[in-house]
Amino acid sequence: MLDLKALQNDFESVAAKLRKKKVDETQLAKLKEISLKLKEQRKILEELQAEQNAKSKLFPVYQKEGKDIAELKKELAENKQKIAVEQDIVRDLEEEMYEIALNIPNIPDDDVPEGEDEEDNVELKKVLDPRKFDFTPKEHWDLKITPDWIDFERGVKLAKSRFSVLKNDAARLERALINYMLDFNRSRGFEEVSVPYLVNRDSLLGTGQLPKFEDDLFKIEEEPLYLIPTAEVPVTNLFRDEILQKEELPAKLTSYTACFRKEAGSAGRDTRGMIRQHQFDKVELVAVTTPEQSDQVFDEMVACASDLLTSLGLPHRLVLLCGGDLGFSAARTIDLEVWLPGQNRYREISSISNTRAFQARRAKIRYKEGKKNLPVHTLNGSSLAVGRTLIAIMENYQNADGSVTIPAVLQHYMT
RNA sequence: GGACAGGUGGGUGAGCUGGCUGAAACCACAUCCCUGCUAAGGAUGCGUACUGGCAACGGUACCGAGGGUUCGAAUCCCUCCCUGUCCGCCA
């Protein structure tokens with residue numbers, strides 16, 4: 001959530017920064033107005049309440065002294081009416097304010113480039129040169145081995161389109177990748193956790209998926225629970241409503257989960273193959289840090305994911321997202337895009353974001369700094385999307401005969 | 001799912017015949033004192049959010065959540081959620 005105090009005190013600079021993210025300025029102005037009005041109304045309410053409290057305390061005194069309490073009682077009954085009216089005003093303003101505030105995205109970092117969409121993202125560097133094929137590399141769904149590995153039709157039969165079934169070495173390779181990634185992350189200081197795949201509304205509000213992106217989520221019908229779109233949600237919310245000791249920070253966690261997304265806005269995109277599925281596996285990195293630590297930990301997370309790709313021999317590049325392409329909660333994001341020779345292009349395989357204090361304010365994750373409780377910084381990043389890694393291995397390690405060589409680092413995970 | 005018992009500050013836990021309780025006590029924690037180390041002892045402080053004030057220090061709200069009764073509720077009433085135990089069911 002936006003820092004409302006910053007908005008009240010320095011509206012112009014907040015508005016200017018949010019322009020990069022294409023935020024409707026009238027909403028911002030309205031938010032500021034409401035928050036100021038709320039402040040006034042709260043003051044009025046609190047004064048009435050103070051009066052009520054003070055005079056109520058007179059009752060036992062009067063009774064002891066044998067005084068008449070009828071007059072006092074009448075006075076307070078009237079005051080009570082005023083309080084009720086004022087309370088409604090305050091409540092309405094609060095609701096209005098939260099509704100607007102919860103729908104305003106995070107402020108991008110100052111060095112985030114201006115831009116509309118992915119066209120304007122900035123490539124930071126390339127890692128590993130794409131392999132030179134002496135035959136025309138195929139896309140992962142066209143390999144000779146694919147029917148033996150992926151059953152798209154029966155995934156659809158079991159659920160619906162955008163579901164698939166892995167078989168034989170592909171099923172084992174998926175499991176090997178998960179184990180390899182978790183071990184790798186652990187060696188970089190990320191502690192492993194295993195978390196629920198269903199979460200409640202408060203959790204999704206905390207990390208910013210709700211209220212704005214309800215349509216992207218699978219919801220359980222008879223209960224207010226949702227399938228997680230990413231492990232970022234349960235893992236970050238581990239700390240929701242908690243005050244952490246400074247010594248506990250940075251907390252660095254890694255978790256493997258399945259992820260579920262409706263892909264509501266992606267009709268017709270990536271319908272072939274396994275690039276875009278309603279259910280996919282992902283190993284995630286999450287960090288909770290002090291503001292001073294967050295830049296360094298962000299770099300560690302980017303390095304972790306990039307090194308993981310390198311260790312798998314997968315060529316990739318690092319891309320700094322522009323303002324227009326930045327997600328709702330992110331102040332800065334670096335995407336890792338893996339080279340897919342069959343598609344002859346780089347495709348996103350990991351996305352690492354620093355949300356600064358945005359999620360921390362929503363989820364009330366704080367740490368003790370001296371006597372104060374300050375919001376932490378939260379960061380998250382994939383390391384990596386397992387399905388896409390599988391695809392990348394299939395395309396990059398394909399042989400002329402349509403078979404696939406398993407990367408060396410994974411071989412002992414598959415014995 | 002059924003029956004009963006509960007949900008209080010970082011933890012344990014009193015209060016729950018309504019006002020003196022934002023909350024005893026103990027533990028943990030912090031600072032200080034004392035003791036040549038260690039152990040022990042003593043003093044003080046120590047919930048959260050918003051808000052007024054340079055500060056000292058105040059105001060309001062919060063005792064699972066939301067309503068209600070009352071001049072006044074942690075304490076009474078209602079609804080919901082959660083936890084524990086037993087039974088049922090189940091990997």
Side-chain angles (χ1 to χ4, degrees), chain A residues 1-9 31-102 194-206 210 219-226 234 237-249 251 258 288 357-376:
Chain A
M1 192 154 67
L2 214 56
D3 183 348
L4 289 173
K5 265 184 203 153
L7 189 74
Q8 288 169 5
N9 297 334
L31 184 59
K32 184 193 174 185
E33 184 197 318
I34 292 170
S35 67
L36 289 172
K37 194 168 167 196
L38 179 59
K39 213 168 166 176
E40 282 171 35
Q41 294 298 323
R42 268 200 186 124
K43 198 180 168 198
I44 296 172
L45 173 63
E46 285 179 10
E47 277 164 7
L48 291 171
Q49 286 173 322
E51 186 186 340
Q52 192 79 356
N53 288 341
K55 290 193 174 165
S56 288
K57 290 208 171 98
L58 293 175
F59 274 80
V61 179
Y62 276 34
Q63 278 163 344
K64 204 178 284 175
E65 295 173 357
K67 280 191 191 167
D68 182 27
I69 56 171
E71 183 63 25
L72 189 58
K73 201 164 184 171
K74 196 182 150 207
E75 226 175 278
L76 282 173
E78 280 165 18
N79 196 47
K80 197 181 170 183
Q81 297 302 315
K82 290 191 211 160
I83 289 177
V85 170
E86 203 55 38
Q87 233 155 13
D88 285 345
I89 294 173
V90 167
R91 191 169 308 174
D92 288 349
L93 284 172
E94 274 174 351
E95 273 172 26
E96 204 178 345
M97 186 180 83
Y98 285 124
E99 196 185 315
I100 297 173
L102 286 176
S194 178
V195 292
Y197 292 6
L198 289 172
V199 294
N200 56 33
R201 285 191 67 87
D202 283 346
S203 294
L204 289 155
L205 237 23
L210 288 181
K219 187 179 181 192
I220 303 299
E221 212 173 342
E222 66 274 18
E223 284 192 83
L225 291 172
Y226 299 76
N237 276 283
L238 243 24
F239 304 98
R240 174 156 51 84
D241 290 321
E242 295 195 7
I243 299 172
L244 304 168
Q245 296 303 317
K246 201 172 179 181
E247 303 77 63
E248 298 176 69
L249 303 178
V288 174
F358 185 81
Q359 290 179 329
R361 273 191 295 268
R362 289 180 159 240
K364 299 190 178 64
I365 307 172
R366 291 156 294 174
Y367 76 104
K368 281 228 174 284
E369 179 69 72
K371 283 198 163 186
K372 289 192 162 176
N373 298 318
L374 300 177
V376 297

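The sequence lines fix the lettering, A, B, ..., with proteins before strands; numbering per chain opens at 1.
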Along RNA chain B (nearest heavy atom to each residue), the more 5'-positioned of A:Glu51 and A:Lys39
A:Lys39

Hey, does A:Tyr98 have a side-chain heavy atom less than 4.5 Å from the side chain of A:Met1?
yes

So do the side chains of A:Asn373 and A:Lys368 get within less than 4.5 Å of each other, counting heavy atoms only?
yes

Determine: side-chain N/O of A:Lys368 to OP1/OP2 of B:rU48, distance under 4.0 Å, yes or no.
yes

Do A:Lys55 and A:Asn79 touch side chain to side chain, with heavy atoms closer than 4.5 Å?
no

Does A:Arg201 put a side-chain nitrogen or oxygen below 4.0 Å from OP1 or OP2 of B:rC81?
no

Check step by step if salt bridge (charged side-chain N to carboxylate O under 4.0 Å, His left out) holds for A:Lys82 and A:Glu47.
CA-CA 11 Å; A:Lys82 290 191 211 160; A:Glu47 277 164 7; over 6 Å; no

Using a 3.5 Å limit on both pairing distances, list the dot-bracket string of RNA chain B from the 5' end; Watson-Crick and G-U wobble pairs count, crossing pairs take [ ], interstrand pairs take |.
((((((((.[[[..)...(.....]]].(((((.......))))).((((((....)))))).[[[[[..)....]]]]])))))))....

Please determine whether a side-chain nitrogen or oxygen atom of A:Arg42 lies at a distance below 4.0 Å from atom OP1 or OP2 of B:rA61.
no

Please produce a list of atom pairs where a protein N or O lies less than 3.5 Å from an N or O of nucleotides 69-72 of chain B.
{"from": "B:rC71", "atom 1": "O3'", "to": "A:Gln52", "atom 2": "NE2", "distance (Å)": "3.4"}
{"from": "B:rC71", "atom 1": "O2'", "to": "A:Gln52", "atom 2": "NE2", "distance (Å)": "3.3"}
{"from": "B:rC71", "atom 1": "O2'", "to": "A:Ser56", "atom 2": "OG", "distance (Å)": "2.9"}
{"from": "B:rG72", "atom 1": "OP2", "to": "A:Lys80", "atom 2": "NZ", "distance (Å)": "3.4"}
{"from": "B:rG72", "atom 1": "O4'", "to": "A:Ser56", "atom 2": "OG", "distance (Å)": "3.4"}

Return the minimal non-hydrogen interatomic distance between A:Glu369 and A:Leu374, and the atom names on each side.
CB-CD1, 3.7 Å

Contact list (N/O, under 3.5 angstrom) for nucleotides 89-91 of chain B vs protein:
none

For A:Lys43, is the NZ atom crowded, meaning more than 12 foreign heavy atoms sit under 6.0 Å from it?
no

If you take all heavy atoms of A:Val376 and A:Arg366, which pair is closest and at what distance?
CG1-C, 3.8 Å

What nucleic acid atoms does A:Ile243 come within less than 4.0 Å of, heavy atoms only: base, sugar-phosphate, or nothing?
sugar-phosphate

A:Lys246 to A:Tyr367, cation-pi by 6.0 Å centre distance and 45° axis angle
no

